[in-house]
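For clarity, every value in this text was computed on a predicted model and none was experimentally measured. By convention in this document, chain letters (A, B, ...) are assigned in the order of the sequence lines, proteins followed by strands, and residues within each chain are numbered from 1.
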Protein chains: 2
Amino acid sequence: MSLRYALLAALHESPATGYELTQRFRHRLAHVWNASHQQIYRELGKLHEEGLLTMTEVPQTEKPDRKLYQVTAEGEQDLRTWLTRPQPRPPTRDPLLVKLFAGDLLDLPALRAEMERLRMGWEQQLQTFQAIEQEHFSAPETLPQHYRMQHLALRRGILGIQASLRWLEEMEETLDQDN
Amino acid sequence: MSLRYALLAALHESPATGYELTQRFRHRLAHVWNASHQQIYRELGKLHEEGLLTMTEVPQTEKPDRKLYQVTAEGEQDLRTWLTRPQPRPPTRDPLLVKLFAGDLLDLPALRAEMERLRMGWEQQLQTFQAIEQEHFSAPETLPQHYRMQHLALRRGILGIQASLRWLEEMEETLDQDN
DNA sequence: CCTTACATGTAACAAGTTACATGATTAG
DNA sequence: CTAATCATGTAACTTGTTACATGTAAGG
């Protein structure tokens with residue numbers, strides 16, 4: 001349900017094509033809402049049908065035409081209404097934690113390898129996030145509300161990853177004791 | 001895909017009915033893998049068809065018969081194999097973070113109210129988790145591996161919530177500056 | 001030569017949600 | 001009288017994933 005509102009919010013920031021939105025979701029929105037290009041194109045189609053978006057075809061030579069979407073007044077109103085409604089918090093579904101419940105069936109070397117891969121991934125993502133923070137949000141007080149809110153979303157990502165890394169350390173300690 | 005393995009792991013711990021599994025998922029597995037009773041019954045049916053579980057009907061008077069499921073050798077092997085394969089980390093999809101990207105359309109009073117509700121929910125869950133930790137995991141070194149792994153999953157939940165609460169504080173500060 | 005970026009999709013399937021259905025017993 | 005616990009499900013729908021499809025241009 002939230003995908004449509006994520007799209008409306010992203011398009012409210014600035015009009016875009018499905019392709020551009022896919023990039024935004026992959027990069028700036030990776031720590032907020034995940035969506036593949038298939039989902040995005042499908043949802044854009046629906047939103048357009050329902051009159052929440054306008055679509056303008058921008059012809060190109062030698063490439064498929066770009067389809068530029070913008071939020072309509074109705075779309076903005078829909079988003080506004082959604083924003084006032086309390087949203088459920090996302091359910092937890094983590095395959096790695098599932099593994100921990102398999103007890104003695106666990107393959108410890110494989111688990112350690114997986115943890116190591118995870119750690120590298122998280123550390124890299126943390127660096128990316130911190131670089132963005134330095135570049136765009138180094139003086140938060142001076143920023144307009146719009147950007148401060150985005151900064152808060154990024155902070156969430158950073159704090160989450162830091163907690164994950166601390167947890168990994170705890171895990172490694174426990175596994176070392178076990179041996 | 002992981003739901004089936006969560007079920008196999010839970011049933012490996014001890015055989016159970018769909019109803020009992022639903023309770024476990026709601027309580028002990030809430031911070032690991034979420035699933036509703038409909039999903040659980042459906043998946044148990046499939047797993048049984050595929051021969052990964054055996055099912056024994058236990059007659060009861062005046063109530064529907066209980067269907068007790070147990071993992072077969074094949075099921076255990078399937079779980080073992082899955083455990084050695086690296087799993088993707090769960091994608092992020094958080095409606096509250098989506099809201100932060102709506103910029104000037106955000107309804108700040110509604111946001112504050114939502115944060116307050118969230119905070120209460122998290123604090124309560126944290127207390128629950130910490131109570132479980134004290135009761136079952138106060139001397140982690142002395143526990144068998146099986147329980148130590150479950151403790152690690154719980155630690156993940158605790159660290160995650162603590163990070164969430166710290167983030168909420170940051171948010172409140174920012175909103176207060178804004179006014 | 002191969003991959004990445006650009007730019008759009010369709011089709012089939014798997015997973016997750018919401019609503020509905022039944023029926024006894026116990027606790028407040 | 002009402003709600004919760006026990007115990008099972010079906011049906012319809014929405015969301016998310018995976019695989020396939022097309023075609024150019026630029027960079028290493």
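- Interatomic distance, CG of A:D104 versus CD of B:Q145, reported as 7.0 Å (0.5 Å rounding).
- Within the 3.5 Å criterion, the main-chain N or O of A:L143 finds a donor-acceptor partner in the side chain of A:R148.
- Interface residues of residues 1-20 of chain B facing DNA chain C, ordered by number: B:M1; criterion, heavy-atom separation under 4.0 Å.
- Counting any heavy atom pair closer than 4.0 Å across all strands shown, B:N34 reaches no nucleic acid atom.
- One finds no salt bridge joining B:R112 and B:E172 here, because no Lys/Arg side-chain nitrogen approaches an Asp/Glu carboxylate oxygen to under 4.0 Å.
- Each of A:W33 and B:H37 lies near DNA chain D, and the nucleotide nearest B:H37 is the one positioned closer to the 5' end.
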Distance-only criterion, 3.5 Å: show the donor-acceptor pairs between side-chain atoms of residues 131-139 of chain A and protein atoms not counting sequence neighbours.
unit_1, atom_1, unit_2, atom_2, d
A:E133, OE2, A:H151, NE2, 2.9
A:E133, OE2, A:R155, NH1, 3.1
A:S138, OG, A:Q134, O, 3.4

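- Distances shorter than 4.0 Å separate none of the side-chain N or O atoms of A:Q38 from OP1 or OP2 on D:dT18.
- Residues from residues 85-98 of chain A that place a heavy atom under 4.0 Å from any atom of DNA chain D: there are none.
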Kindly list each side-chain donor-acceptor pair under 3.5 angstrom involving residues 47-57 of chain A, sequence neighbours excluded, with atom names and distances?
unit_1, atom_1, unit_2, atom_2, d
A:E50, OE1, A:R4, NH2, 2.6
A:E50, OE2, A:R4, NH2, 3.2

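- Atoms CE and CH2, from A:M115 and A:W167 in turn, are 7.0 Å apart once rounded to the nearest 0.5 Å.
- Between the CD atom of B:Q23 and the P atom of D:dT8 there is a distance of 10 Å, given to the nearest Å.
- When the C1' atom of D:dC6 is taken as reference, atom CG of B:L21 falls 15 Å away, rounded to whole Å.
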CA sep, side-chain torsions, deciding dist, call: B:R42, B:S36, side chain to side chain donor-acceptor pair (under 3.5 Å): CA-CA 10 Å; B:R42 196 191 351 182; B:S36 62; over 6 Å; no
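- In this structure, the CG atom of A:D65 is 14 Å from the C1' atom of D:dT24, given to the nearest Å.
- In this entry the distance linking CZ of B:R24 with P of D:dT5 reads 18 Å, nearest Å.
- Annotation: side-chain contact (heavy atoms from CB on, under 4.5 Å) contacts of A:R117 (sequence neighbours excluded): A:A113, A:E114, A:M120, B:P86.
- To the nearest angstrom, C1' of D:dG16 lies 13 Å from CD of B:Q39.
- Across every non-hydrogen atom of A:F25 and A:A6, the tightest pair is CZ-CB, 3.8 Å.
- The separation between B:H48 atom NE2 and D:dT8 atom P is 14 Å, rounded to whole Å.
- Side chains of A:L97 and B:R156 form a contact here, defined as non-hydrogen atoms less than 4.5 Å apart.
- In this structure, NZ of B:K67 is placed 19 Å from P of D:dC6, rounded to the nearest angstrom.
- Interface limits on DNA chain C: the 5'-most and 3'-most nucleotides within less than 4.0 Å of chain B heavy atoms are C:dA15 to C:dA24.
- Atom CZ in B:R66 sits about 10 Å away from atom P in D:dC6, given to the nearest Å.
- Here the closest heavy-atom approach between residue B:A153 and residue A:F101 is recorded as CB-CE1, 3.7 Å.
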